Amino acid sequence: MNKLTLQSLCEIFLRRTNIDFKSNSLREQELFGSCLDIKPRELLMVYMDLKQKYGISFSETDLLEKKWLTFNSIVETVEKTCEYSVQ
């Protein structure tokens, strides 16, 4: 299995949303907010990429409790799920 890095996560988001999260200023913006306006289907594709490429399975609780609101919150969820730091 490949190790997920911050750069690879940024690349997934760039491919799926056309937003470059290499800029720290965007990482705390709400994904569905007016600034980023990411569509749910695009975020679903990010989810599927993470699941397929890295074998990451997220709990329904994480998704239902809105822990996927920002880029940084996704990084935190990945770190918790995989038990390693995304660098």
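The analysis underlying the following values was restricted to heavy atoms, covering all of them including side chains, and did not include hydrogens, waters or symmetry mates. It should be emphasised that the depicted structure is a prediction, and the values quoted were computed from it without experimental measurement.
- Phe21 and Leu69 end up in different hydrophobic clusters when Ile, Leu, Val, Met, Phe, Trp and Tyr side chains are linked at under 4.5 Å.
- The shortest distance between side-chain heavy atoms of Leu31 and Ile74 falls below 4.5 Å.
- The minimum heavy-atom distance linking Arg15 with Asp49 is given by the pair NH2-OD2, 2.9 Å.
- Looking at Val78, Leu9, Ile12 one by one, the single match for side-chain contact (heavy atoms from CB on, under 4.5 Å) with Tyr54 turns out to be Ile12.
- A distance-only check finds no donor-acceptor pair linking the side chain of Gln29 to the backbone of Leu26 [under 3.5 Å].
- Remark: Ile38 CD1 to Phe32 CZ distance equals 7.5 Å, nearest 0.5 Å.
- Between Leu36 and Phe71 the shortest side-chain heavy-atom distance does not fall below 4.5 Å.
- One finds the CD atom of Glu42 at 10.0 Å from the CE atom of Met45 (value rounded to the nearest 0.5 Å).
- Heavy-atom minimum distance, Leu6 versus Arg27: CD2-NH1, 3.6 Å.
- Side-chain contact between Tyr47 and Leu50 is absent, with no heavy atoms from C-beta onward closer than 4.5 Å.
- With rounding to the nearest 0.5 angstrom, the NZ atom of Lys22 is 6.0 Å from the CD atom of Glu11.
- Under a 3.5 Å cut-off, the side chain of Ser8 and the backbone N or O of Leu4 do not form any donor-acceptor pair.
- Taking CD from Glu30 and OG from Ser73, the interatomic distance works out to 9.5 Å, rounded to the nearest 0.5 Å.
- Once rounded to the nearest 0.5 Å, the distance linking CD of Gln7 with CG of Leu14 reads 11.0 Å.
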